[in-house]
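The chains referred to below are lettered A, B, ... by the order of the sequence lines, with proteins before strands, and numbering in each begins at 1.
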2 protein chains.
Amino acid sequence: MIVHPRGATSQGGTHNMYQQAGSVGQDEPMSKPLYRQVADTLRAEIADGVFGPGDDLPSERELRERFDASRNTVRQGLQLLVSEGLLNSSQGRAYQVRSHEIFVLNASKFENLQFSQREDGDSYDNEVLHSGRQPHQEFRVEMVKVPQDIAERLKVAPGEQGVLRFCRRFVDDTPWSTQATHYPKWLVDAHPRLAEPDDIEEGSTRYLADRGIEQIGYHDELMTRMPTPEEARELQIGPGVPLLIWIRTGFSTDKPVRCTRTTFRGDLNHITYDLGDLRALTTRGDLH
Amino acid sequence: MIVHPRGATSQGGTHNMYQQAGSVGQDEPMSKPLYRQVADTLRAEIADGVFGPGDDLPSERELRERFDASRNTVRQGLQLLVSEGLLNSSQGRAYQVRSHEIFVLNASKFENLQFSQREDGDSYDNEVLHSGRQPHQEFRVEMVKVPQDIAERLKVAPGEQGVLRFCRRFVDDTPWSTQATHYPKWLVDAHPRLAEPDDIEEGSTRYLADRGIEQIGYHDELMTRMPTPEEARELQIGPGVPLLIWIRTGFSTDKPVRCTRTTFRGDLNHITYDLGDLRALTTRGDLH
DNA sequence: TAGTGGTCTAGACCACCGG
DNA sequence: CGGTGGTCTAGACCACTAA
């Protein structure tokens, strides 16, 4: 039988009956778990700029001493900050404060509703290039069974085949978003270039418009959730970064013609809409 | 000096050199961390309906035996699922599979753009009541310094005073969202009822419209991130549930008149927009 | 009261990164 | 190589919940 030579006290440790925050200045009113104190303290210091974007945090060993806590407790606190999206961590290197450069996508002018003539070849490249970054993308086209949820939006029979045009986008080599557009079979039969494995130069929306299939209305859905492990891998994000999901169903005069599901890293992307009469906005300056 | 009677082997434990997944059938190709195996296995079982929404998971003790792992390792796996938003946990009760009933808000018709006459008293109650739930809300009005980011959107000097109308909304007693609307000082001076601590029956947008301040355009911004501890408390969510944030700036013919920031529980809310000509949508049926 | 999860410690071996 | 984080164990006390 083995007896651990503890300090004969509760909580496992001798001191720090979780409270007092000891050596450090900041302490909390009453009995907050130690790991929370660690997280809260560091979070505040990040907010105050003690640790700026890209900076390394002190090592676990140092934090252990500073907070007079065990390694696991310190790690629990750090884990919290990781799960809030404030820190990055990877083996062999120090915890690092995340830096955020946010890309804003204006969904109400992304594809020009009424008149497809303006500027565009590929709307995404344009948007990104306008912000002075280096975009590139992986692209593939498949013939697949339309997924259940997409089939509902496209009003096709569940299980029916359709074309999937898939695209993963990078900005300066950072995975940015994945985009999957499904076209129903009837459309592809009539306009077979949709199924060809090349990127369509003029943009597929434009291609369809030129062939008489004009998208005159969109139904957009926006939601957020945490990534599955596959999604996390695909977008190279760890836990703590939520996804921003944008599902756009495009309509011709009488029926849906395509459904696009775009999955963004939530920490790097915002989406905007301009609605109604915004003459007042043209005189802006600060309003990004 | 104390020597722990380990199995004289690595990894601390005797067996389970993280691999093989022992007693259970499912195992992964090669040396995936044990806690990941725990998480992946349980995640798959949840997806397969072995554990449905609202069900209790086996206790940590049972899982410890099933996976032949230490308690901490099992907990690490469970923690992952919590952080993915799949599980709830609280002291004294078993881990529970989260159930999601999603509320969809149509932002493009939420406040009727052109003509304020239709239906509304309070747009939120209407939306919610239409879905057959019991809404209620906490409400307060304050005179505050307009926050930096809001000031930019309202085009007022940073540090200027303004009115904040704050609202926390519940559906069937579950906190659903918080909403903070800021009005600039010049507007409040002209229309002082904005600063009164009562809910405005007809809705403040309507109130302003009746007094000649019509909002004819909106600029909407949508984003997601993990909640801060205060936000988590306010919306009663644990880690693992991202926020969905909606910032609407309303414009009159010549300038912004208000800025509303709505913070939703991301797991319970979707936002939609209808753009352009959607005659085709009126003939729907399944498209929620 | 019995059982569950929450917090904490101490110590171990590993994989990875940089100098 | 030394230092950092990643994974894991064993055991302890606590707080909460439900029967």
**Request:** Mark yes or no for a side-chain to base donor-acceptor pair under 3.5 Å between B:Arg71 and C:dT7, with no hydrogen or angle criteria applied.
**Result:**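 Yes, the side chain and the base share a sub-3.5 Å donor-acceptor pair.
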**Request:** Output every pair passing salt bridge (charged side-chain N to carboxylate O under 4.0 Å, His left out) with a member in residues 78-90 of chain A, not counting sequence neighbours, ordered by first then second residue.
**Result:** A:Arg43-A:Glu84
Under 3.5 Å, which protein N or O atoms sit close to an N or O of nucleotides 17-19 of chain D? Give each pair with its distance.
none

**Message:** Rounded to whole Å, please give me the gap between OH in B:Tyr35 and P in D:dT9.
**Reply:** 13 Å
**Request:** Using whole Å, report how far CD of A:Glu62 lies from C1' of D:dG5.
**Result:**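 To the nearest whole Å, that distance equals 13 Å.
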**Item:** CG on A:Leu81 to CG on A:Asn88, rounded to 0.5 Å
**Value:** 12.0 Å
**Message:** Applying side chain to side chain donor-acceptor pair (under 3.5 Å), can you list everything that pairs with B:Tyr95, at least two apart in sequence or on another chain?
**Reply:** B:Glu60
**Item:** Flag for B:Thr272-A:Glu221: side-chain donor and acceptor within less than 3.5 Å
**Value:** no
**Item:** side-chain contact (heavy atoms from CB on, under 4.5 Å) between A:Arg64 and A:Arg61, worked out
**Value:** CA-CA 5 Å; A:Arg64 207 170 69 216; A:Arg61 193 185 56 72; 4.1 Å; yes
**Prompt:** On DNA chain D, nearest-nucleotide positions of A:Leu78 versus A:Asn72: which is more 5'?
**Reply:**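 This one resolves to A:Leu78.
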**Prompt:** Counting just side-chain N and O atoms, does A:Thr73 come under 4.0 Å of either OP1 or OP2 of C:dT9?
**Reply:**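 Affirmative; the distance criterion is met.
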**Candidates C:dG6, C:dC8, D:dT4 - which lies nearest the side chain of B:Tyr95** =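 The listed nucleotide nearest to B:Tyr95's side chain is C:dG6.
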